[in-house]
Amino acid sequence: MNVQSPVMADEMLMANAIRVLAMDAVQAAGSGHPGAPMGLADVATVLFNRFITIDPADHAWPDRDRFVMSAGHGSMLVYAINHLLGYDDMDTGQLRAFRQLGSRTAGHPEYGHAKGVEVTTGPLGQGISAAVGMALAERMMNARFGDGLVDHWTYVLAGDGCLMEGISHEAIDFAGHLGLGRLIVFWDDNSITIDGPTGLSTSTDQGRRFEAAGWHVQAVDGHDNQAIAAAVEAARADRRPSMIACRTVIGKGAPNKAGSHKVHGAPLGQDEVAATRAALGWNAAPFEVPDQVRDGWRQIAARGSRARAAWRAAKAADPRAGAFDAALAPPDAAALGAAMAGHKRRLAADAPGVATRKASEMALEVVNSVLPNSVGGSADLTGSNNTLTSAMRPVTRDDYSGDYIHYGVREHGMAAVMNGIALHGGFFTYGGTFLVFSDYARPAIRLSALMGLPVTYVMTHDSIGLGEDGPTHQPVETIAALRAIPNLNVIRPADAVETAEAWEIATAAQTTPNVLCLSRQNLPTLRRAHGDANLTARGAYVLVEPEGKRDVTFIATGSEVEIAVAAAGLLGAQGIAAAVVSAPCFELFEEQDEAYRRSVLGRAPRVGIEAAIRQGWDKWLGEKGRFVGMTGFGASAPAPELYRHFGITAEAAAEAARQICDVRFFA
Ligand SMILES: Cc1ncc(C[n+]2csc(CCOP(=O)(O)OP(=O)(O)O)c2C)c(N)n1
Ligand SMILES: [Mg+2]
């Protein structure tokens with residue numbers, strides 16, 4: 001067809017603006033990925049021009065559509081679009097400073113840097129999976145607040161790489177099962193990845209793969225605007241989640257390099273940039289956009305602005321508006337604090353001897369009774385993680401008003417979906433699995449931390465203390481590995497009181513995810529004197545202070561605090577003054593002022609006790625310090641036997657202390 005409609009003629013220019021801005025920014029930076037933005041420019045232009053509802057003047061407007069560039073290496077697509085739409089934080093200077101220190105235009109889109117970036121992407125597969133969480137959150141909010149307040153779409157651009165990554169299987173499967181019809185994924189079907197043609201490494205029929213998971217699937221020419229638009233219409237009309245396979249040419253517009261893996265991740269070079277300009281008939285200088293083209297994009301923003309005004313008017317008349325705003329606001333810290341203080345008081349009096357996973361369930365009963373928007377779940381270990389509280393109901397494809405998510409055996413998907421729920425807004429979200437399987441979720445946990453999302457991970461069976469399931473299930477290096485992730489609180493409570501405090505920290509979190517490491521085995525309540533103050537929030541505190549000067553200080557976490565207390569008792573009987581420090585969270589302890597840290601750690605030699613590897617402990621132990629813990633994998637046996645076998649006992653800890661403290665004693 002040679003005759004083009006005016007819409008399509010305008011759209012061609014609008015798309016070419018993306019192409020040129022992307023190629024010029026990559027050229028200026030001397031690195032980056034021009035191929036995907038150039039190949040996806042037509043799909044993105046049709047999507048924005050005809051469908052997407054967003055308002056750059058209020059980027060966080062709750063009922064906006066969500067746009068996720070899952071193929072994060074194509075970040076310039078997002079920055080170019082946001083520049084063209086008129087986001088006030090995406091001026092030409094930002095495009096010129098692409099990939100430079102201090103710019104908002106990071107190599108991969110980073111949540112919180114630039115407005116309109118809904119999620120940090122770059123690790124392939126994370127975007128599409130977080131988008132599933134966004135689409136689920138949309139339906140869950142819709143079930144609570146109705147079409148007048150919540151009625152939006154989640155659109156995803158995903159590449160071959162996103163669909164090859166294992167996490168995409170979990171997310172696609174889960175979205176199909178839950179019937180998330182508000183989710184539309186465009187697959188950038190360009191048959192190219194970094195190494196070359198996709199035929200080097202995959203033969204999957206992606207359409208049939210999505211269909212098998214219950215999706216609506218279409219295939220179009222990704223440079224045929226009418227076909228793309230018709231496919232989006234059909235996708236929106238279908239009740240299932242939709243995948244539109246868009247056959248595209250990577251680097252489309254570059255006359256010599258398009259269609260080759262050479263445009264995936266390198267500047268086109270001056271000659272090819274010039275040739276592309278000529279081929280596209282684009283005369284504007286780098287980073288200049290003709291007014292006519294800019295106007296086309298600004299009309300999209302104007303449409304979004306009108307939609308937002310209409311939404312605000314509808315909201316003003318909606319009786320649920322107050323509850324809606326409350327759901328989006330941080331949890332009511334005062335109400336939670338009061339409820340948790342009451343809970344702690346009862347615990348101190350009752351002194352239950354329960355596993356911290358059980359104590360977690362008890363604390364969650366309090367949390368979930370106070371927070372109307374708490375949403376829990378587990379990766380098929382509900383009865384082990386104790387994540388389901390009494391009033392919770394499952395979320396299903398027929399009823400999104402529930403608040404408990406059966407994530408299935410999908411740890412990685414669960415973590416990414418929780419990120420998406422948190423990003424969407426409206427819920428306090430937590431999910432559980434065995435601590436050792438946090439490795440299966442680690443890339444998404446890392447993104448929770450990088451994005452600063454207040455997601456809570458309920459990780460039970462946190463050591464050899466789980467016993468008979470053996471070394472496959474017993475974390476030894478896992479806690480150290482989690483502590484290595486910046487901006488992540490790893491909290492390992494010692495008893496029911498600390499567990500309650502851990503939940504108080506998790507619910508109050510705004511920009512830090514929390515991992516709760518919880519025991520399978522029963523533990524005594526060690527904090528018997530009630531105080532409202534949250535001692536766990538200080539990271540570490542003195543649980544037992546001997547009379548007079550300390551000869552030695554035990555520092556322990558979780559289930560090993562009980563052992564430390566017993567060891568201190570053994571030493572006390574021999575006239576050695578031992579203090580016990582409970583250290584549920586290294587990260588929070590590090591944040592305390594030096595005077596507090598010194599007062600807790602003291603001057604006496606120290607012995608650390610944790611049924612895990614030593615890595616990460618030395619900073620607390622000092623030069624003379626000893627460590628009682630694991631040096632290799634565990635074994636399959638009853639837990640008490642394992643503790644004896646691996647020498648993590650009160651006797652061993654007392655012996656380690658005797659070896660380093662200066663007290664002379666006569667046996
Ligand atoms: C988890 C992960 N593994 C590897 C990479 C490195 N990487 C970036 S892009 C890419 C190839 C992606 O191919 P595709 O999605 O088809 O993008 P296209 O080349 O078509 O732009 C790879 C391997 C990554 N970003 N994330
Ligand atoms: Mg590709």
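Indexing begins at 1, ligand by ligand and atom by atom, following the structure's order. All figures in this text were calculated on a predicted structure; none of them were measured in a lab.
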Heavy-atom contacts under 4.0 Å between [X] and ligand 1: side chain, backbone, both, or neither?
X	value
N190	side chain
H261	neither
T198	neither

Looking only at side chains, do [X] and [Y] share a donor and an acceptor under 3.5 Å apart?
X	Y	answer
N49	W297	no
Y457	S448	yes
N385	T460	yes

Original post:
Do any N or O atoms from the side chain of D89 and from the backbone of K115 form a donor-acceptor pair under 3.5 angstrom?
Top reply: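 Yes.
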Original post:
Is there a donor-acceptor pair under 3.5 Å between the side chain of N487 and the backbone N or O of A449?
Top reply: yes
Original post:
Is ligand 1 less than 4.0 angstrom away from at least one heavy atom of G122?
Top reply: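 Yes.
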Original post:
Should A71 be listed as contacting ligand 1, given a heavy-atom distance under 4.0 Å as the test?
Top reply: no
Original post:
Can the ring centres of H461 and F434 be said to be less than 6.0 Å apart?
Top reply: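 Yes: the rings meet the under 6.0 Å criterion.
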Within ligand 1, which atoms have a heavy atom of [X] less than 4.0 Å away?
X	answer
P123	26 (N)
H73	9 (S), 15 (O), 17 (O), 18 (P), 21 (O)
T193	13 (O), 16 (O), 19 (O)
G161	13 (O), 14 (P), 15 (O), 16 (O)

Subject >> Residue, atom name and distance, where the atom is the protein heavy atom closest to atom 11 (C) of ligand 1 >> reply: I194 CG1, 3.6 Å
**OP:** Please work out which of L40, T248, L124 has its closest non-hydrogen atom nearest to atom 5 (C) of ligand 1.
**Re:**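 Comparing heavy atoms across L40, T248, L124, the nearest one to atom 5 (C) of ligand 1 lies in L124.
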Subject >> Heavy-atom proximity to atom 2 (C) of ligand 1, best of H33, H264, E165 >> reply: E165
Subject >> the Mg ion (ligand 2): protein N, O or S atoms that are less than 2.8 Å away, sorted by chain >> reply: D160 OD2, N190 OD1, I192 O
Subject >> Smallest separation among heavy atoms of G161 and L124, with atom names >> reply: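 Smallest interatomic distance, heavy atoms only, reads CA-CD1, 3.9 Å.
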